[in-house]
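Every value quoted in this text rests on a predicted model; they were computed, and no experiment measured them.
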Amino acid sequence: VWGVTQQTEPGDVVDAYLRTRGIDEVQYPKALRTAEKLRDGEGGVHPAMVALVTVPGQPKAVSLHRTFLAKDGKGKADIPSPRKMMPGSLPDGACIKLSEYTGGPLGIAEGIETAMAASAMYQMPVWSAINTSILKKWLPPDGCDEVWVFGDNDASFAGHAASYELARRLHAKNI
């Protein structure tokens, strides 16, 4: 899948999608790629935002996250499950590194869009934990002693619960 993607650039379909979500980037992270046409696993082909999933301190990717998009990028594809991980399990600490971390505070958010918005708003690196299950178990990179947790404000409060669970766990480790 990674081989059929190209770096996300202003003006492409992923850029169009992110702009509809209020994210306006001049340069996109290396971990975020654009696929013009990708099979969705449900019998269709759509453009997609593809993100590299890694674990802090490990050099190899562990998976790919795909968000299938409408042809014009102005929303997600009209399919039952437009967000998908590649098959397989993810190790604790897995995330999408949307920026380099070189020290100081680091943010973690549930989704890619939330992470990018928080990064722009607070002028700090923010990574995406992909979903609430992974957010609860996320691990910061070695040497990071300040983490900002950005929870999704969803109606089910699942984002709140996962954020507080992570915050409590990190606080117990003096982070």
Side-chain angles (χ1 to χ4, degrees), residues 1-101 106-120 125-141 150 152 154 158-159 162 166:
V1 170
W2 193 254
V4 300
T5 65
Q6 59 272 348
Q7 185 62 45
T8 298
E9 298 286 341
D12 73 15
V13 68
V14 171
D15 177 64
Y17 167 70
L18 291 171
R19 286 178 188 278
T20 67
R21 300 295 305 266
I23 299 165
D24 185 11
E25 294 286 325
V26 175
Q27 184 175 3
Y28 285 98
K30 292 177 186 174
L32 207 60
R33 311 268 298 178
T34 299
E36 294 296 328
K37 294 179 181 179
L38 197 60
R39 293 186 188 280
D40 63 16
E42 298 178 23
V45 176
H46 303 276
M49 177 171 67
V50 179
L52 191 67
V53 180
T54 58
V55 174
Q58 294 183 12
K60 253 176 102 174
V62 295
S63 191
L64 295 174
H65 177 275
R66 298 158 296 155
T67 304
F68 292 96
L69 306 173
K71 291 191 188 318
D72 62 4
K74 294 185 178 170
K76 294 184 191 99
D78 186 18
I79 57 176
S81 183
R83 293 178 184 223
K84 294 182 166 87
M85 292 297 303
M86 295 298 285
S89 61
L90 293 175
D92 291 351
C95 63
I96 299 167
K97 296 179 193 173
L98 295 168
S99 57
E100 294 299 317
Y101 176 72
L106 174 64
I108 186 70
E110 184 178 336
I112 294 168
E113 300 87 342
T114 303
M116 291 180 76
S119 180
V126 181
W127 295 349
S128 167
I130 306 160
N131 63 42
T132 56
S133 298
I134 299 170
L135 180 65
K136 290 186 243 182
K137 297 187 267 180
W138 180 76
L139 304 167
F150 297 97
D152 283 4
D154 43 21
L166 174 61

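- Counting non-hydrogen atoms of other residues, nucleotides and ligands closer than 6.0 Å to CZ of R19 gives a total above 12.
- Within the 4.5 Å cutoff, side-chain heavy atoms of R33 are placed close to those of Q7.
- Note: D40 CG to F68 CZ = 5.5 Å, rounded to the nearest 0.5 Å.
- Among L52, V53, T54, the one residue that satisfies the side-chain contact (heavy atoms from CB on, under 4.5 Å) test with I96 is V53.
- Taking the side chain as every heavy atom from C-beta outward, M86 and R66 approach each other to under 4.5 Å.
- Separating the NZ atom in K76 from the OG1 atom in T20 is a distance of 8.5 Å, to the nearest 0.5 Å.
- To the nearest 0.5 Å, the span separating OG on S128 from CD1 on I134 amounts to 8.5 Å.
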Is there a side-chain contact (heavy atoms from CB on, under 4.5 Å) between L18 and Y28? Walk through the geometry before answering.
CA-CA 11 Å; L18 291 171; Y28 285 98; 3.4 Å; yes

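- Looking at E110 and T132, their side chains come closer than 4.5 Å, going by heavy atoms from C-beta outward.
- Taking each heavy atom of P141 and L106 in turn, the nearest pair found is CD-CD2, 3.5 Å.
- Sparse packing is recorded around CG of D78, with 12 or fewer heavy atoms of other residues, nucleotides or ligands lying under 6.0 Å away.
- Residues A48 and V14 share a closest heavy-atom pair of O-CG2, 3.7 Å.
- Going from atom CD1 of I112 over to atom OG1 of T67 covers 5.0 Å, rounded to the nearest 0.5 Å.
- Taking both residues in full, the closest heavy atoms of A51 and L32 are given as CB-CD1, 4.0 Å, listed atom of the first, atom of the second, then distance.
- A distance of 13.0 Å separates NZ in K74 from CG in L69, rounded to the nearest 0.5 Å.
- Side-chain contact between L166 and K136 is absent, with no heavy atoms from C-beta onward closer than 4.5 Å.
- Considering every non-hydrogen atom in both V126 and A115, the closest pair reads CB-O, 3.5 Å.
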Test side-chain contact (heavy atoms from CB on, under 4.5 Å) applied to E36 and Q6, step by step
CA-CA 9 Å; E36 294 296 328; Q6 59 272 348; 3.4 Å; yes

Trace of the side-chain contact (heavy atoms from CB on, under 4.5 Å) decision for M85 with N131
CA-CA 11 Å; M85 292 297 303; N131 63 42; 5.6 Å; no

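- Between the side chain of D92 and the main chain of K137, no donor-acceptor pair closer than 3.5 Å is present.
- Closest heavy-atom contact between V13 and A70: CG2-O, 3.9 Å.
- A 4.5 Å side-chain heavy-atom check between P56 and W127 finds at least one atom pair inside the cut-off.
- Remark: R83 engages E113 in a salt bridge, criterion side-chain N to carboxylate O under 4.0 Å.
- Looking only at side-chain heavy atoms (C-beta outward), I130 and L90 come within less than 4.5 Å of each other.
- Of all heavy-atom pairs between Y101 and P125, the closest is CD1-CG, 4.3 Å.
- Residues E25 and D15 fail the side-chain proximity criterion, which asks for heavy atoms closer than 4.5 Å.
- A distance of 13.0 Å separates SG of C95 from NE2 of H65, quoted to the nearest 0.5 Å.
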Could you give me the CA-CA distance, side-chain angles and deciding distance for L98 and M116, then say whether side-chain contact (heavy atoms from CB on, under 4.5 Å) is met?
CA-CA 7 Å; L98 295 168; M116 291 180 76; 3.8 Å; yes

